[in-house]
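The structure appears right after this line, and notes come after that.
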Number of protein chains: 2
Amino acid sequence: MERWRALGLDTSPHADLIAQRLSHFSELSGREIALLESLAQRTDESTAGSELIREGQLLDSPRLLMTGWACRYRTLPDGRRQIFKFILPGDLFGFCLRPKAVALTATIALTPVVTADASPLATAITRDAASHPGLTQACYATVGLDEAYLLNQLVRVGRQTAYERTAHFILEIRERLAMVGLAGEASVAIPLTQEIMADALGLSVVHLNRTLQQLRRNQLIEFKGGMVRLLQPQRLAEIANFRAPHVTEIARAAA
Amino acid sequence: MERWRALGLDTSPHADLIAQRLSHFSELSGREIALLESLAQRTDESTAGSELIREGQLLDSPRLLMTGWACRYRTLPDGRRQIFKFILPGDLFGFCLRPKAVALTATIALTPVVTADASPLATAITRDAASHPGLTQACYATVGLDEAYLLNQLVRVGRQTAYERTAHFILEIRERLAMVGLAGEASVAIPLTQEIMADALGLSVVHLNRTLQQLRRNQLIEFKGGMVRLLQPQRLAEIANFRAPHVTEIARAAA
DNA sequence: CGGCCTTTTGAATGTCTTCAAAGTGCGTGG
DNA sequence: CCACGCACTTTGAAGACATTCAAAAGGCCG
């Protein structure tokens with residue numbers, strides 16, 4: 001299982017990922033940042049494949065993913081699987097603004113993960129929003145952005161070709177990881193098997209494999225051992241009709 | 001444009017649709033029901049095709065659809081369109097629990113529609129939730145259910161065949177309309193062109209047409225002039241892997 | 001070295017799309 | 001009242017796209 005380290009995954013927890021991410025949405029006070037960093041004190045480790053949230057479970061213990069990747073998915077009785085969303089380091093999950101909500105999907109770890117209890121954050125913004133204006137705003141923005149990514153996913157799967165989909169997916173992951181400093185302008189580490197990616201993109205493994213090869217042949221990406229290098233990010237974005245979700249707009253509107 | 005009446009659409013606004021719908025999620029007091037019914041006093045009419053919400057617009061005026069159908073969608077630069085969600089009579093739209101949220105998609109009327117201002121409802125549950133416990137709970141449940149439908153949509157489009165998708169779609173619409181008394185056990189009025197349905201299901205019009213014919217040939221549905229009759233609902237549900245979203249579970253958990 | 005998981009390849013098949021055109025139903029204008 | 005126009009549905013045929021099955025190749029660990 002040492003695969004994961006080789007894939008460019010830094011397995012040491014960084015307490016500041018979420019602060020870094022939320023800072024994109026709103027100005028955070030020192031006390032707010034301290035609160036976020038204090039979450040790192042109560043962490044848990046889970047192995048790859050372990051179930052983090054069961055479908056139907058009461059969402060009463062929000063968590064923060066510190067390290068590794070997880071996903072939300074559903075399977076059909078015959079085994080076909082659709083992955084809805086990848087959960088990346090610095091992401092909240094099982095985090096719902098509505099009280100007493102129920103998990104609509106299962107969540108599993110795709111790599112070994114370290115998660116932290118995020119209830120202090122949830123408490124801060126639900127019980128005492130007034131004294132945590134930045135956190136409150138940023139959490140709202142995060143939830144909105146999650147929705148936006150889900151809609152992107154639907155457009156990809158519903159209306160784009162395998163070639164476009166794959167390009168779009170890579171760009172989106174790069175963008176999301178870049179927000180927490182885990183991806184550069186033109187490279188990302190994606191620690192997923194092609195089977196998992198295929199389940200997210202609504203493709204068969206074989207076809208995804210051929211699509212990736214096509215992207216390589218066309219000098220758009222390099223893909224070796226989980227590291228993706230974007231050779232022509234601009235061109236890739238055109239092919240995929242990739243438009244960065246208007247984070248700034250969301251943030252500005254919330255301001 | 002008299003198409004719409006012929007399609008089984010009752011164009012007379014029913015003030016009680018939303019009360020009927022929300023009652024499925026939570027017990028509503030007389031005062032709460034009165035509030036819902038009072039929304040019908042401030043209505044607007046829009047023609048088919050008119051834009052109800054612009055993408056990027058600030059979501060500061062939630063509305064209730066009283067009559068007709070609308071949808072949320074996005075188009076790619078080359079014209080391909082993905083419909084995310086159909087908005088049915090008794091549905092809220094532009095309704096977001098987060099303050100100062102921005103519309104992530106456009107919303108247009110697919111038929112002539114009558115909409116009502118739902119801000120009194122929004123105000124009631126945000127400013128004075130304590131004295132409207134039933135409404136508050138029911139609105140939360142509604143938002144959760146919307147999420148569930150979006151996930152269903154993703155599974156359909158990502159992992160089901162055209163045949164399964166179409167069956168699943170019909171069942172879901174029937175179920176949703178049945179909640180407001182606009183569909184029977186085995187029949188629904190669906191006032192959509194095949195092009196619109198195709199855009200929701202991620203199919204070409206031609207293929208959707210053939211898929212519908214296949215469902216007819218197999219004695220699963222009748223489909224004439226917008227009226228769908230389910231000849232073997234049980235069989236259809238098996239084919240589609242249709243499972244009613246656990247509304248009761250959501251409601252019970254929220255209780 | 002051997003086993004297991006993942007990636008890659010080939011070939012056949014099936015699903016779905018595209019293009020083009022014909023058919024149908026309905027409202028409008030002659 | 002009929003004819004026409006328009007939007008929607010249906011049909012056919014060809015081809016592109018994607019899946020399936022089977023097997024080989026590669027990489028990593030024990």
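Treat the numbers as computed from the prediction; the structure is a model and nothing was measured. Letters A, B, ... are given to chains in the order of the sequence lines, protein chains preceding strands, and every chain is numbered from 1.
Residues L92(A) and A118(A) approach most closely at CD2-CB, 4.0 Å, considering heavy atoms. Listed here is the closest heavy atom pair of F93(A) and L64(A): CE2-C, 4.1 Å.
Following rounding to the nearest Å, Q214(B) (CD) and dG14(C) (P) show an atom-to-atom distance of 14 Å. The separation between K224(A) atom NZ and dT8(C) atom C1' is 18 Å, rounded to whole Å. Between Q213(A) atom CD and dA25(D) atom C1' the separation is 13 Å, expressed in whole Å. Following rounding to the nearest Å, D78(B) (CG) and dT18(C) (C1') show an atom-to-atom distance of 14 Å. Rounded to whole angstrom, the span from the CE atom of M197(B) across to the C1' atom of dT10(D) amounts to 14 Å. Between the NE2 atom of H207(B) and the P atom of dT11(D) there is a distance of 15 Å, given to the nearest Å. Between the CD atom of E222(B) and the P atom of dT9(D) there is a distance of 18 Å, rounded to whole Å. When rounded to the nearest whole Å, the span between CG of L208(B) and P of dC8(D) equals 14 Å.
Within the 4.0 Å cut-off from OP1 or OP2 of dT20(D), not a single side-chain nitrogen or oxygen of R210(A) is found. Between N209(B) and dT9(D), a side-chain N or O to OP1/OP2 separation shorter than 4.0 Å is absent. OP1 or OP2 of dC5(C) has not a single side-chain nitrogen or oxygen of Q194(A) nearer than 4.0 Å.
Remark: the backbone N or O of R159(A) is paired with a side-chain donor or acceptor of R80(B) at under 3.5 angstrom. Checking side-chain atoms of R176(A) against main-chain N and O of F86(A) turns up a donor-acceptor pair under 3.5 Å.
Contacts of R159(B) with the nucleic acid, taken as non-hydrogen atoms under 4.0 Å apart, are absent.
Distances from the side chain of T193(A) to the nucleotides dT10(D), dA18(D), dT6(C) place dT6(C) closest. Taking every side-chain heavy atom of V206(B) into account, dT18(C) is the closest of dT20(D), dT17(C), dT18(C).
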Given R63(B) and L52(B), is the side-chain contact (heavy atoms from CB on, under 4.5 Å) satisfied, shown in steps? CA-CA 10 Å; R63(B) 299 197 69 82; L52(B) 303 176; over 6 Å; no
